[in-house]
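Here is the naming used below: chain letters follow the sequence lines, and residue numbers restart at 1 for every chain. Treat the numbers as computed from the prediction; the structure is a model and nothing was measured.
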Amino acid sequence: MEQKLVIYNTLTRKKEIFEPLNAPHVGMYVCGPTVYGDAHLGHARPAITFDLLFRYFKHLNYKVRYVRNITDVGHLENDADEGEDKIGKKARIEQLEPMEVVQFYLNRYHQAMDALNVLAPSIEPHASGHIIEQIETIKEIIKNGYAYESNGSVYFDVEKYNTDYNYGILSHRNIEEMLSTTRELDGQHEKRSKVDFALWKKASPEHIMRWTSPWSQGFPGWHIECSTMSMKYLGNKFDIHGGGLDLMFPHHECEIAQNTATEKHQVVKYWMHNNMITIGGQKMGKSLGNFIMLNEFFDGSHKLLAQAYSPMTIRFFILMAHYRSTVDFSNEALQASEKGLNRLLDAYSRIEKISVSEQSTTDIKSIRQKCYDALNDDLNSAIVMAHLFDAASMINSAIGGSVHLTKVDITELKAIFDTFLFDILGIRNDQNKNGNGKEAFGKAIDLLLQIRAEAKSNKDWATSDKIRDELTKIGFEIKDGKEGAEWKLK
RNA sequence: GGUUCCUUGGCCGAGUGGCUAGGCACCGGUCUGCAAAACCGUCUACGGCGGUUCGAAUCCGCCAGGAACCUCCA
């Protein structure tokens, strides 16, 4: 079963066969959160998209090092390298140590990621823990002639760089265009050109987070952390750099410029970008204030939400669309995801109930390859889901008796769910979680259903309905089948 | 204004030249003491106008509408 994974490379705007630089090793770097607030639905998209890729690489037996950074410094509040550090601002408002703010939101971020069943990356470096390395990178860029100091700050010389390389290679912009369309901003007198960006900023007196450097007491620019940390942990040539589409410019463009200015060659082989989550057709984001926090989904507390949605519903919802499509939030779409996910999990939990036949009357064997084909085609999780729904349909039909399956095919159906739905798509099976050490609890429900069955055989509908209705009221779902009643906690 | 992209059935959402994606909802049926679940069936769409082609949702052009980036943003 030859696997040829194809991924879309933003750099070339084409689907390319994925060939690791150093098989069986794969290095991937993804831009993580700036920890000055809780994660919203938009943050779940790259986390889940690249978690899928991480899981799939591991499934394909690659040795993956997945680096996802924590931005805890250097991310400016306003435009063009002026303004205030986001972490520092939040810290002053809340009268906290900056690192206290970082730790608080980082813990909450991790909780949300755990809930979404997003695996922890191999390394989660903090920008603030790599100030020395960032200073070294900046020195190297200055040495190579692509940056200059100005009044204690250091700026990247974009126009100089562009004469030797190509600034705009990723975002397909050109400098002339940018010079004519970029706004003139206050406080840009330090820069030689308005397209230059900061590598190091001298701290203003009220700025809390500051480090000593050859140029000033200050702090690093936003872009330099990713260049520095990605190369530190993955080398000066590595496979994949991912992030949200909105980071393509300027962040990733600047990273490429910094990388190339340091190493004199392209560092990243494949650039991958997930698309945005929209709400009412518009990007869910901080500036529009139209975001819904993940925790608000989990408990249903946001006013736009008709109900609470479980973390797995959110994950399923995101995976139902291809990662390069925008996906529009709505209660209807989320409810459809919730029901669809339950349909798959219900089918999975009923596999044991299929009675074994000598011959299969339907084709199970091709499903696995179809799922691989879908994943190999630029991680098309939506198609994988469609095949899983087909598999669910076969399970249900087999239980209903309209199709027959051999022991081997039944085992394969279960394996397909285990491999694709749980291991690779990362859906956690939260159903019937009443198992752990609560066998007695389950047996008690079984006993109630047994009494109900006896009542039914005596045509004592009052008793049988009472048991069913009361259990339903408590929160159980009772299904009557040919082989007796089943139950689960809703 | 510049760059890039999108427009699929009631809703969501795959699909890059021919072969019913899938999910949710609705409706009809089977099953059931009733219900739920399950199963079967119905609904078969591709913004508009032209063009290329034996054949286009899929390629090209124009028009309309929408979005992202161009300032922090996943």
Using residues 289-297 of chain A as the side-chain source, report each donor-acceptor pair under 3.5 Å to any protein atom, sequence neighbours left out, with the distance given to one decimal.
unit_1, atom_1, unit_2, atom_2, d
A:Asn290, OD1, A:Gly285, N, 2.9
A:Asn290, ND2, A:Lys283, O, 2.9
A:Glu296, OE1, A:Met293, N, 2.9

We want to know whether A:Gln307 and A:Asn331 form a side-chain donor-acceptor pair, criterion being a heavy-atom distance below 3.5 angstrom. no

Could you tell me how far B:U20 sits from B:A57 if I compare only their C1' atoms? Round to whole Å. 14 Å

Whole-Å distance separating the CZ atom of A:Phe316 from the P atom of B:G13: 14 Å

Over how many whole Å does the gap from A:Phe291 atom CZ to B:C72 atom C1' extend? 13 Å

Looking only at the side chains, is there a donor atom on one of A:Asp409 and A:Ser360 sitting less than 3.5 Å from an acceptor on the other? yes

Across the strands shown, which category fits A:Met276 at heavy-atom distances under 4.0 angstrom: base, sugar-phosphate, nothing? base

Assign A:Asn274 to base, sugar-phosphate, or nothing according to its heavy-atom contacts below 4.0 angstrom with the strands shown. base

I'd like a table of atom pairs between the protein and nucleotides 14-19 of chain B - only N or O on both sides, under 3.5 Å - with the distance next to each one.
unit_1, atom_1, unit_2, atom_2, d
B:A14, OP1, A:His322, N, 2.7
B:A14, OP1, A:Ser325, OG, 2.9
B:A14, O3', A:Asn380, ND2, 3.1
B:G15, OP1, A:Asn380, ND2, 2.9

CH2/A:Trp200 to OG/A:Ser153 distance, rounded to the nearest 0.5 angstrom? 9.5 Å

Base, sugar-phosphate, or nothing for A:His387, non-hydrogen atoms under 4.0 angstrom? nothing

From C-beta outward on A:Ile277, which listed nucleotide comes closest to its side chain: B:A74, B:G23, B:A67? B:A74

Between A:Asn166 (CG) and B:U3 (P), how many Å, whole number? 16 Å

Side-chain donor-acceptor pair under 3.5 Å between A:Gln359 and A:Thr406, yes or no? no

Mind checking A:Val327 for me? I need base, sugar-phosphate or nothing, with any heavy atom below 4.0 Å counting as a touch. sugar-phosphate

A:Tyr105/A:Tyr36 aromatic ring centres below 6.0 Å: no

Strictly by salt bridge (charged side-chain N to carboxylate O under 4.0 Å, His left out), give each pair with a member in residues 374-401 of chain A just once, sequence neighbours left out. A:Lys15-A:Asp377, A:Arg324-A:Asp378

For B:C59 and B:C24, measure between their C1' atoms and round to the nearest Å. 33 Å

Touch check for A:Leu247, heavy atoms < 4.0 angstrom, all strands: base, sugar-phosphate only, or nothing? sugar-phosphate

Protein-nucleotide distance (A:Tyr29, atom OH; B:A74, atom P), rounded to Å: 14 Å

Tell me what A:Gly244 touches on the nucleic acid: a base, only sugar-phosphate, or nothing, going by heavy atoms under 4.0 Å. sugar-phosphate

Are there runs of at least three consecutive Watson-Crick or G-U pairs touching RNA chain B, with each pair's two distances under 3.5 angstrom? Give them by first number. B:1-7 with B:64-70, B:10-12 with B:22-24, B:27-30 with B:38-41, B:47-51 with B:59-63

Is A:Gly42 touching bases, backbone alone, or none of the nucleic acid, heavy atoms closer than 4.0 Å? base

Closest to the side chain of A:Ala386, out of B:G22, B:U4, B:A68, is B:G22

Nearest to side-chain heavy atoms of A:His172, which nucleotide of B:G22, B:U3, B:A74: B:U3

Nearest-nucleotide pick for A:Ser402, side chain only, options being B:A74, B:C39, B:C72: B:C39

Can you see whether A:Glu255 engages A:Asn259 through a side-chain donor-acceptor pair at a distance of less than 3.5 angstrom? no

Rounded interatomic separation in angstrom, taking CZ from A:Phe249 and P from B:A74: 17 Å

Would you say A:Lys202 and A:Phe219 make side-chain contact, with heavy atoms under 4.5 Å? no

Just by modelled atom types, is the A:Lys365 backbone N or O under 3.5 Å from a matching donor or acceptor in the A:Arg368 side chain? no

Pairs under 3.5 Å (N/O, protein and nucleotides 25-28 of chain B):
unit_1, atom_1, unit_2, atom_2, d
B:A25, OP1, A:Lys339, NZ, 3.2

Quick one: which of B:G2, B:G23, B:U4 gets closest to the side chain of A:Arg173? B:G2

Go through B:C69, B:A74, B:A36 for me and flag the one nearest to the A:His43 side chain. B:A74

Proximity to the side chain of A:Arg343 - top-ranked nucleotide from B:C39, B:C70, B:G13: B:C39

What pairs with A:Lys14 under salt bridge (charged side-chain N to carboxylate O under 4.0 Å, His left out), at least two apart in sequence or on another chain? none

Base contacts versus sugar-phosphate-only contacts with protein, heavy atoms under 4.0 Å: please encode nucleotides 42-47 of chain B as B, S and - from 5' to 3'. ------

pair A:Val73-A:Trp222: side-chain heavy atoms closer than 4.5 Å: no

Mind checking the C1' distance from B:G23 to B:G55? Whole angstroms is fine. 31 Å

To the side chain of A:Phe389, which of B:G23, B:C34, B:C69 is closest? B:G23

State which residues pass side-chain hydrogen bond (donor to acceptor under 3.5 Å, both in side chains) with A:Ser397; sequence neighbours excluded, sorted by chain then number. none

Side chain of A:Lys86 (C-beta onward), nearest among B:G22, B:A74, B:C72: B:C72

So, using side-chain contact (heavy atoms from CB on, under 4.5 Å) as the criterion, who are the partners of A:Glu332 when residues are at least two apart? A:Ser330

Interatomic distance at C1', B:G15 relative to B:G22, whole Å: 11 Å

Looking at B:C24, B:A74, B:A38, which one has an atom nearest to any side-chain atom of A:Met284? B:A74

Under a 3.5 Å cutoff, is there a donor and acceptor pairing between the side chains of A:Glu190 and A:Tyr155? yes

Partners meeting salt bridge (charged side-chain N to carboxylate O under 4.0 Å, His left out) with A:Arg173 (sequence neighbours left out): none

Please measure how far the P atom in B:C11 lies from the corresponding atom in B:G51, and state the result in whole Å. 30 Å

Residues from residues 456-471 of chain A lying under 4.0 Å of RNA chain B - heavy atoms: A:Lys456, A:Trp461, A:Ser464, A:Asp465, A:Arg468

How about A:Phe156 and A:Tyr161: are their ring centroids closer than 6.0 Å? yes

Return each pair, listed once, that meets side-chain hydrogen bond (donor to acceptor under 3.5 Å, both in side chains) where at least one residue sits in residues 109-123 of chain A; pairs must be two or more places apart or across chains. A:His110-A:Glu124

